[in-house]
Amino acid sequence: MALKVFGKTWFDASRTAREWKWMRIVFVLVWWPWIPIALFSYSDQPVPTGLAQWVDLSWLTWPGVNVFVTALTALACWYYLQGKRMLLATGTMLGLGVLVFTLHDSQGAFQRNEVLHLILLGQLVALVQAEFRKNLSDAELRNQLIFNSQQMLLAVYFISGISKLSTAGLGWITDSPNISLQIYKAWMSLYYSVEWPVFQDLGVFFSDLVAGHPVITQFVFAGALLLELFCGLALLNRRLARWIGWMLLAMHLGIFVLLGVLFVPYMAVVVIFLIGFSRGRAGAV
Amino acid sequence: MEAALKILRSVPLKLFLCVTLVSLVVGQCHPFSRFPMYSSFPPTADVYYLADESGTPLPTLETLGIFGPELKQRVEHQCQAYGAETNKPDALRRAGTAVLGHLAKVNQQNLVDLGIDHLRLHRVLLTREDGLLIKNDAEVAAWP
């Protein structure tokens, strides 16, 4: 799909049907396992958040209901993977997913996988729009679905950048050497999880490394903030999407190495929707 | 009105802009969020751990089935639910006791199997002075 703005072609999200299928397969593999994990691990919502503040969602975990919801989401995933009844399948995945993930977050710890449902929301918008545009070809719909997914994914990083600026301003860069404390905290949290001494050693090593190189740390963090604020450029064309996708992936890998925190859903959707699985030429449908 | 609609139609990335606006306004309400993780770097940090009566650390995963970061988040969010910050000792004790009580109830059989009948929640406050890491450890809550 190539969108024209002011008479010029700017936005290109063209992908092949094969790529779109792989995107759906990996997406489902990342999204669906959370459903049974939440429904069969919990029985209440000790710290209600979001929708759970107004509606008690613990009924989702009742015996029988949890099996039914798990089966229903599995069925929706099957249709989603087949590319059949997409509006119903995506709507079911989004609706039930938001309820289950809200219950998950209401255990007192956020799982930070909102991006998955924002992507489904973007796809649902494309599918609803397609209902009103009967002359839309399969390729156009597919590319609109992918383009909406990319917009949602990149919006998450942009919002994160705005949050940093509104919370700390440029202090996010100048104070960044203080992350040495967060690094030690993160590795010690892992140490207290399983009491493996290696986590304690890694915490001391990385924390001292960052504290000892404040200027390099500030440069790296300035780069990360710029990346988040300008990641929307990835929507311009496929080559930029790949470059920015690799940079976001590198950022997540850096976070993993320094803090031991792995944002699997984010890394997966960056690979799926930005880096892609094929080296096909930009604009190929 | 017609002109406004025409301008609106010509705006690219409407979805990108809409979700940004809604997320910033709504805040934390799944699937919307301001994604505030690591959005500031204060000169202090804290880490929580479980301990037995003598203060010896207990692995949270084996004892209560959760990772350390989740324990910290649970205590902090419980504190927020009480309308207080974690720097208020009374609120922290109340929140810590509630979290320990809930987790102990959920993992009742596991605690019996491990022979654990008392839990303590410790908070370690981290700072750096002259490049050196300073740790202040304090017990903040107990169960039962």
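Proteins come first, then strands; the chains are lettered A, B, ... in the order of their sequence lines, and each starts at number 1.
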Part of B:L50 lying under 4.5 Å from any heavy atom of chain A:
neither
Will you find, in the side chains of B:Q73 and A:Q107, an N or O donor that is under 3.5 Å from an N or O acceptor?
no
Can you tell if the side chain of A:N113 reaches within under 4.5 Å of the side chain of B:H30, non-hydrogen atoms only?
yes
What is the distance from atom NE2 of B:H122 to atom OH of A:Y192, rounded to the nearest 0.5 Å?
9.5 Å
Identify which of A:L154, A:N178, A:V194, A:L120 forms the greatest number of heavy-atom pairs closer than 4.5 Å to chain B.
A:N178
Using non-hydrogen atoms and a 4.5 Å limit, figure out which bit of A:L259 sits close to chain B: side chain, backbone, both or neither.
side chain
Identify which of A:V115, A:L165, A:L190, A:V47 forms the greatest number of heavy-atom pairs closer than 4.5 Å to chain B.
A:V47
Which atom pair, heavy atoms only, marks the closest approach of A:E114 to B:P31?
CB-O, 3.1 Å
Could you tell me whether a side-chain N or O of A:S163 sits under 3.5 Å from a main-chain N or O of B:R34, the two making a donor and an acceptor?
yes
Sort B:K135 into side chain, backbone, both or neither according to what part of it lies under 4.5 angstrom from a heavy atom of chain A.
side chain
Of the backbone (N, CA, C, O) and the side chain (C-beta and beyond), which part of A:I162 lies under 4.5 Å from a heavy atom of chain B, both, or neither?
side chain
Side chain, backbone, both or neither of A:I255 within contact of chain B (heavy atoms, under 4.5 Å):
neither
Would a 4.5 Å heavy-atom cut-off, applied to side chains only, mark B:L126 and A:K185 as touching?
yes
So which part of B:T44 gets closer than 4.5 Å to some heavy atom of chain A, the side chain, the backbone, both or neither?
backbone
A:V125, part contacting chain B, at a heavy-atom distance under 4.5 Å:
side chain
If I compare all heavy atoms of A:P46 with all of B:Q78, which pair ends up nearest, and what's the gap?
O-OE1, 4.1 Å
Once you round to the nearest 0.5 Å, how far does NZ of A:K164 lie from OH of B:Y38?
11.0 Å
Let me know if A:D44 has heavy atoms under 4.5 Å from chain B in its side chain, its backbone, both or neither.
side chain
Main chain of B:G68, side chain of A:S193: is a donor-acceptor contact present, judged purely on distance under 3.5 Å?
yes
Angle class for the B:F41/A:F221 ring planes (parallel below 30°, perpendicular above 60°, tilted otherwise)?
perpendicular
Need one label for A:S41: side chain, backbone, both or neither, based on atoms under 4.5 Å from any heavy atom in chain B.
neither
Minimal heavy-atom distance between A:L181 and B:P42, with the atoms involved, is CD1-O, 4.3 Å
Side-chain touch A:E228/B:F35, heavy atoms, less than 4.5 angstrom:
no
Chain A contact via B:L15 - which portion, at a heavy-atom distance below 4.5 Å:
both
Side chain, backbone, both or neither: which part of A:V204 has a non-hydrogen atom closer than 4.5 Å to chain B?
neither
